[in-house]
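Working notes, beginning with the structure itself.
The residues of the chain are indexed from 1 along the displayed sequence.
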Amino acid sequence: MTVAAESAGAAGLVQSIDWLAIAPPTLTAVVALIILVADLFVPEHRKPLLGGLAIAGLAAALGTLLPLRSGDRATFCLTTAPDVCSYTADHFALVIQLLVLGGALLTALLSYHDTRRLPAGEFWFLLLASAAGAALLPAARDLATLVVALEVASLPAFALVGLRRGDRLSSEAALKFFLSSVTATAVMLLGVSFVYAATGTLHLTEIATRLDDVPGQLGTLAEAGVALTLVGFAFKTAAAPFHFWVPDTYVGAPLPIAAYLSVVGKAVGFSGLILVTVVAFPSYHAVWGPALAVLAALTMTLGNVAALRQSATRAWSAVRLLAWSSVAQAGYLLVPIAAAAYGGDGGSGTDGGADRIGSTVAYALMYAVVNLGAFAVVALVARTKPLNRLSDYQGLYAHRPLAALAMGFFLLCLAGLPPGIIGLFAKVTVFSTAVDAGLGWLAVVMALNVVVALYYYLQWTAVLFRSPEERAESADTPPGAVTADAESAALTPAPALTVAIVLTAVAGIALSGAPQLVLRFAGVSLF
């Protein structure tokens, strides 16, 4: 072979890179590295500048989505098969990236005034590093990139949860979160290796094609790989019975990070689950369809029952209720994915599966807005009531009427009651997907759970508008938990926190005024 021929062959192995397509996660990662280096040279009194840089970087990353709105770009494609790519900036990826980066931006706003007792440089670096992995995942179209993106999103989150040094609850939460996530990753990697052994490829579309014709001796291996991969993602989505890490992790983490995990962490898990089921494993719908339907019913039921049991005077009961509510919401989000395994007449097949996945995307968008808003109000209350009990919200309207009105609106959205029209619209859409797929029993379970959830959402809403009265400290209040730091924090202006509450409230009201836009927007997000 001549030198020219060798050079031509080598050139044929080089993949071209579409830098615009990968701009959202790349820009986020670059800003994270800049913050990490700048932290070495910025004096202590200038540390707030790092937070401003993080917010600007996330806003810029969101701006890079605009040139990609056509959803027709892909990169890192095989030179022998240009239509098989590892990164695809389609409409699905762009909508999830909008949710992820928008959620990270609101988390940064929530965190801006709450990093006084945290190492600021590490905090902002870890937050943006996790956001970069979360933004990469929905665009991943091979299992290797999918797993790497999932771990890039997860590993910094462990450190963020345990970043309050010397705090026992924070360390315990980080340990539980780490152990459960490592277990999930190990199970998932085992499943991925089985799928690769059975198909000989890691690209999702190629896996879908080859799973249709797996040799008989590898059939069991392929089924085991599909099942183990689903179990791994069930951990990531906090689906029961793999949800046990959620309440303690949310309580031990800084409140903005709990909000981040409840929205961005959930979006990462569900987008990965959608990709492996609908794109990679459609021929195994008979395996994952019924399994996800049972998980959905179990998850929403356990989440709502646990939320009902929260005592109003227990320390951190408000955060625990939001944590269990998050588990229940994960059950609702699983319903359209399970329905995607069934034909329009309740038979087999994935016809219309993409349209049903649109219901999950629409619900996730609604949930992200209102849940981040609820956590923003909880963070505001925590400035004067660090124990964050449900009883601490009694009479909030008398002291902070706008915050109470916003919190009431967010809770009604989560409950699916007017004026939270967007919550009602999202629940009806998910309910319809179950009925259309022939999953009548799952629709009944969901309806019962929605009724159960009304009790604790309305109970919390009513507390906001009751007359305030003095309350003695609860018997389960940890000694020394209320400190002068809380009082000084209350006197410190928090404009970024106010901006976060206003943004989420305005978005929720706008979406409630035109809820059909959410489903239309989510509908064009599908592959």
Side-chain angles (χ1 to χ4, degrees), residues 84 86 88 92-93 96 133-134 136-155 179-215 218-243 245 265-296 298-299 330 333-334 336-341 350 353 357 360 527:
V84 179
S86 294
T88 301
F92 172 79
I96 300 299
L136 171 62
L137 189 139
R141 292 299 180 270
D142 69 61
L143 290 177
T145 307
L146 197 66
V147 171
V148 169
L150 191 62
E151 290 312 296
V152 171
S154 299
L155 290 173
L179 292 176
S180 63
S181 189
V182 166
T183 302
T185 301
V187 173
M188 186 188 309
L189 286 174
L190 184 61
V192 167
S193 65
F194 285 177
V195 171
Y196 177 70
T199 61
T201 183
L202 290 173
H203 288 88
L204 303 184
T205 53
E206 292 292 291
I207 290 172
T209 301
R210 299 186 189 185
L211 280 178
D212 285 330
D213 191 28
V214 173
L218 296 178
T220 302
L221 186 67
E223 290 180 358
V226 170
L228 290 174
T229 303
L230 293 180
V231 168
F233 276 105
F235 271 98
K236 300 295 184 180
T237 58
F242 313 109
H243 65 290
W245 57 272
K266 195 171 266 64
V268 167
F270 276 98
S271 56
L273 186 63
I274 288 169
L275 289 174
V276 296
T277 53
V278 177
V279 179
F281 304 150
S283 57
Y284 280 72
H285 59 85
V287 175
W288 55 262
L292 291 182
V294 172
L295 282 180
L298 186 61
T299 301
L333 285 164
L334 283 170
I337 305 177
T350 54
I357 293 301
T360 289
F527 331 100

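Closest approach of A341 to W288, counting heavy atoms only: CB-CZ3, 3.5 Å. In this structure, A293 and A338 approach most closely via the heavy-atom pair N-CB, 3.5 Å. Here the closest non-hydrogen pair linking A286 and P290 is O-CD, 3.4 Å. Of all non-hydrogen atoms in H243 and A238, the two that sit nearest each other are CB-O, 3.4 Å. When all heavy atoms of A197 and L218 are compared, the pair lying nearest together is O-CD1, 4.1 Å. Here the closest heavy-atom approach between residue D142 and residue S86 is recorded as OD2-OG, 2.5 Å.
With a 4.5 Å cut-off on side-chain heavy atoms, V231 and F242 count as touching. Looking at V214 and L211, their side chains come closer than 4.5 Å, going by heavy atoms from C-beta outward. Side-chain atoms of L230 and L273, non-hydrogen and from C-beta on, do get closer than 4.5 Å to each other. Side-chain contact check for F281 versus V195: some heavy-atom pair is nearer than 4.5 Å. Counting heavy atoms from C-beta outward, I274 and F92 have side chains that approach closer than 4.5 Å. Using a 4.5 Å heavy-atom threshold, the side chains of R141 and L275 count as touching. Put simply, the side chain of V276 reaches to within 4.5 Å of the side chain of L143, judged on heavy atoms.
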Apply the test side chain to side chain contact (heavy atoms under 4.5 Å, CB included) to residues L334 and T299: give CA-CA distance (whole Å), side-chain angles for both, the deciding distance (0.1 Å), then the verdict.
CA-CA 9 Å; L334 283 170; T299 301; 4.2 Å; yes
Show your working on side chain to side chain contact (heavy atoms under 4.5 Å, CB included) between T277 and F233 and close with a plain yes or no.
CA-CA 11 Å; T277 53; F233 276 105; over 6 Å; no
Check against side chain to side chain contact (heavy atoms under 4.5 Å, CB included), F270 and I96
CA-CA 10 Å; F270 276 98; I96 300 299; over 6 Å; no
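Summarising the geometry, atom NE2 belonging to H203 is positioned 7.0 Å from atom OG1 belonging to T145; distances are rounded to the nearest 0.5 Å. Note that CG of L150 is 7.0 Å distant from OG of S181, once rounded to the nearest 0.5 Å. For the atom pair T185 OG1 and E151 CD, the distance stands at 3.5 Å (nearest 0.5 Å). Between the OG1 atom in T199 and the CG atom in D212 there is a gap of 11.5 Å [rounded to 0.5 Å]. Atom-to-atom distance recorded for M188:CE and T183:OG1 is 11.5 Å, nearest 0.5 angstrom.
Here the side chain of T201 pairs no donor or acceptor atom with the backbone of I207 at under 3.5 angstrom.
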